[in-house]
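I have placed the structure first, in the form of structure tokens, so that the comments after it can refer back to it.
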Amino acid sequence: MTLPPKVTDRAFARLAEIGAGTDGKALRVAVEGGGCSGFQYDISLDAPEADDLVLEGQGQKVVVDKVSLPFLSNAVIDFTEELIGARFVIENPNASSSCGCGVSFSM
């Protein structure tokens, strides 16, 4: 059974801050082949597609395509602000390892 990813209140709040929903955009989280660990996350603002899984909160949307969904089962999509910068991050329990920057992972 594939459990959908979860989105934190902090991530939805950041999307509201940048006005993603008012522009008809959603945060798209996808998984692609590549990166230093085998797979990499592609995070962008995009219009939702008809076959996307749509996660909603605080008037905002996060979308995941059907191909990426199994790789993100039970993951947590969050937003973090650190001294080195602010970014959306993925806490993925399916990843057996990940690179130092957190963008790529292996299963």
Side-chain angles (χ1 to χ4, degrees):
M1 175 180 198
T2 300
L3 296 172
K6 299 169 190 73
V7 182
T8 66
D9 288 339
R10 192 171 37 216
F12 282 129
R14 179 60 179 158
L15 287 171
E17 237 178 75
I18 62 176
T22 57
D23 292 338
K25 301 286 185 179
L27 182 73
R28 178 170 299 282
V29 179
V31 174
E32 300 175 341
C36 55
S37 297
F39 295 100
Q40 63 186 5
Y41 299 113
D42 181 25
I43 300 173
S44 62
L45 290 178
D46 194 11
E49 298 289 331
D51 62 344
D52 286 337
L53 168 70
V54 179
L55 305 163
E56 295 186 68
Q58 300 181 26
Q60 304 300 311
K61 295 179 182 177
V62 174
V63 296
V64 179
D65 63 86
K66 287 185 178 182
V67 174
S68 300
L69 189 57
F71 296 101
L72 296 168
S73 178
N74 209 30
V76 176
I77 301 163
D78 195 7
F79 181 77
T80 184
E81 292 184 80
E82 301 169 355
L83 288 175
I84 59 171
R87 63 189 176 125
F88 288 97
V89 294
I90 313 294
E91 296 172 26
N92 192 341
N94 306 302
S96 59
S97 66
S98 63
C99 67
C101 67
V103 174
S104 68
F105 66 98
S106 62
M107 294 183 78

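Just so you know, these numbers use all the heavy atoms, side chains as well, and skip hydrogens, waters and symmetry mates. Because the structure is predicted, anything quoted here is derived from the model rather than measured.
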So which atom in [X] and which in [Y] form the shortest heavy-atom distance, rounded to 0.1 Å?
| X | Y | result |
| --- | --- | --- |
| P5 | V64 | CG-CG2, 4.2 Å |
| V31 | F71 | CG2-CB, 3.8 Å |
| A86 | F79 | CB-CZ, 3.5 Å |
| D42 | E32 | OD2-OE2, 3.4 Å |
| A75 | I90 | CB-CG2, 4.1 Å |
| S68 | V29 | CB-O, 4.4 Å |

Examine distances only and state if a side-chain atom of [X] and a backbone atom of [Y] form a donor-acceptor pair shorter than 3.5 Å.
| X | Y | answer |
| --- | --- | --- |
| R28 | P48 | no |
| T80 | R87 | no |
| D78 | E91 | no |

Non-hydrogen side-chain atoms of [X] and [Y] separated by less than 4.5 Å:
| X | Y | answer |
| --- | --- | --- |
| D51 | D65 | no |
| R14 | E81 | no |
| L45 | D23 | no |
| F12 | V62 | yes |
| T8 | V76 | yes |

Quick one: do [X] and [Y] end up in the same hydrophobic cluster if we chain Ile, Leu, Val, Met, Phe, Trp and Tyr together by side-chain heavy atoms under 4.5 Å apart?
| X | Y | answer |
| --- | --- | --- |
| Y41 | V63 | no |
| L55 | V89 | no |
| I77 | I18 | yes |

* **Spacing of CD belonging to E17 relative to CD belonging to Q60, to within rounding of 0.5 Å** => 10.5 Å
* Interatomic spacing from CG in L72 to CG in L3 - rounded to 0.5 Å ->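 If I round to the nearest 0.5 Å, the distance is 12.5 Å.
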